[in-house]
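Each ligand, and each atom within it, is numbered from 1 in the order the structure gives.
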Amino acid sequence: MGAGGEPLLELSGVRAAYDGITVLHGVDLAVDAGRVVALLGPNGAGKTTTLKVAAGVHPPSGGRLLLGGRDVAGARAGDLARAGVCLIPEGRGVFPNLSVRDNLWMMTFTGRTRAEIEDTAYTRFPVLADRRAQPAGTLSGGEQQMLALARGLTTEPAVLLLDELSMGLAPLVVADLYERVADIAREGVAVLVVEQFATAVLKIADHAAVLVRGRVPWQGHPDSSLHAELSSYYLGSAP
Ligand code: ATP
């Protein structure tokens with residue numbers, strides 16, 4: 001909860017369009033501090049667009065985007081980043097030709113020293129310390145995702161937006177990454193995770209929402225009934 005008891009991040013009736021074609025038709029979502037919310041749904045449902053709106057990368061065409069209870073709809077990505085919103089985009093967003101260390105050093109714009117940034121990253125992800133001189137593009141997919149998370153966490157975000165963390169990774173690697181995400185949430189961060197395939201994230205999610213064709217037909221506790229809901233939405237048999 002934010003200071004006023006409201007969710008840290010809230011989307012209310014959010015609509016969004018590309019070139020006049022509406023792809024989000026009124027999305028409602030709320031993420032409290034210290035909680036993980038999973039946003040699930042099939043290809044093209046609007047999951048990435050929802051994260052882009054929440055990060056200020058894509059403007060909403062309607063509805064409200066609230067950060068700590070304050071309406072920030074229309075604010076620019078840089079302003080939202082400074083206000084504590086961190087988006088880790090699909091595809092990890094690390095610079096493949098730069099070493100792990102150089103990727104981390106780029107975060108000195110946050111005002112922290114190179115040593116502080118490296119210490120924090122290596123404490124959380126010790127494997128990155130062994131790989132510090134290696135080009136990021138030669139890391140395993142899971143290690144690249146850890147580097148992307150380490151970079152994002154340098155900004156000490158209040159809200160962490162994760163897009164398809166599991167993309168292309170083996171199930172055990174994904175499970176390990178989501179344990180780290182659960183740790184991050186336990187430190188008080190509000191985490192919104194987008195995934196197409198749900199199994200791994202549901203183990204750590206406090207709340208789940210299903211997005212289908214730009215609407216949220218179901219949200220609630222990620223208990224066993226969700227699996228039935230999901231298969232009907234993915235197979236297209238639900239209304
Ligand atoms: P996936 O799981 O396949 O990544 P998604 O649920 O994240 O899908 P979005 O990427 O948000 O879905 O896309 C929602 C809709 O908006 C899709 O129909 C997509 O084709 C369209 N779209 C996304 N980005 C753009 C863009 N830059 N320009 C035009 N249309 C876009």
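- Below 3.5 Å of separation, one finds no N or O of Asp19 facing any N or O of ligand 1.
- Among protein heavy atoms, atom 10 (O) of ligand 1 sits closest to Thr48 CB, 3.6 Å.
- What sits closest to atom 23 (C) of ligand 1 on the protein, heavy atoms only, is Tyr18 CE1, 3.3 Å.
- Closest heavy-atom approach to atom 13 (O) of ligand 1 among the candidates Leu39, Thr49, Thr22: Thr49.
- Distance check: Arg180 CZ to Leu153 CG gives 11.5 Å after rounding to the nearest 0.5 Å.
- Taking a cut-off of under 4.0 Å to the non-hydrogen atoms of Pro42, the atoms of ligand 1 that pass are 6 (O).
- Of all protein heavy atoms, the one lying nearest to atom 3 (O) of ligand 1 is Asn43 ND2, 2.7 Å.
- Note that CE of Met106 and CG of Leu98 are 6.5 Å apart. Values are rounded to the nearest 0.5 Å.
- Regarding atom 16 (O) of ligand 1, its nearest protein heavy-atom neighbour is Val23 CG1, 3.3 Å.
- Of the protein's non-hydrogen atoms, the one nearest atom 8 (O) of ligand 1 is Gly44 N, 2.8 Å.
- For the pair Glu10 and Arg64, the salt-bridge criterion is not met [side-chain N within less than 4.0 Å of a carboxylate O].
- Counting only heavy atoms of the protein, atom 5 (P) of ligand 1 lies nearest to Lys47 N, 3.5 Å.
- For the ligand labelled ligand 1, residue Gly46 lies inside the 4.0 Å heavy-atom shell.
- Between Asp183 and Arg186 there is a salt bridge, with a side-chain nitrogen of the basic residue lying less than 4.0 Å from a carboxylate oxygen of the acidic one.
- Arg112 and Thr120 form a side-chain donor-acceptor contact under 3.5 Å, judged by distance and modelled atom types alone.
- There is a protein heavy atom closer than 4.0 angstrom to atom 28 (N) of ligand 1.
- Of the inter-residue distances, the one linking Lys52 atom NZ with Lys47 atom NZ reads 12.5 Å to the nearest 0.5 angstrom.
- Interatomic distance, CZ of Arg131 versus OG of Ser140, reported as 7.5 Å (0.5 Å rounding).
- Rounding to the nearest 0.5 angstrom, the gap separating the CG atom in Leu51 from the OG1 atom in Thr49 is 9.0 Å.
- Using a 4.0 Å cut-off to heavy atoms of Glu164, the atoms of ligand 1 that qualify are 2 (O).
- Interatomic distance, CZ of Arg114 versus CE of Met107, reported as 14.0 Å (0.5 Å rounding).
- Residue Ala45 places at least one N or O, backbone or side chain, under 3.5 Å from an N or O of ligand 1.
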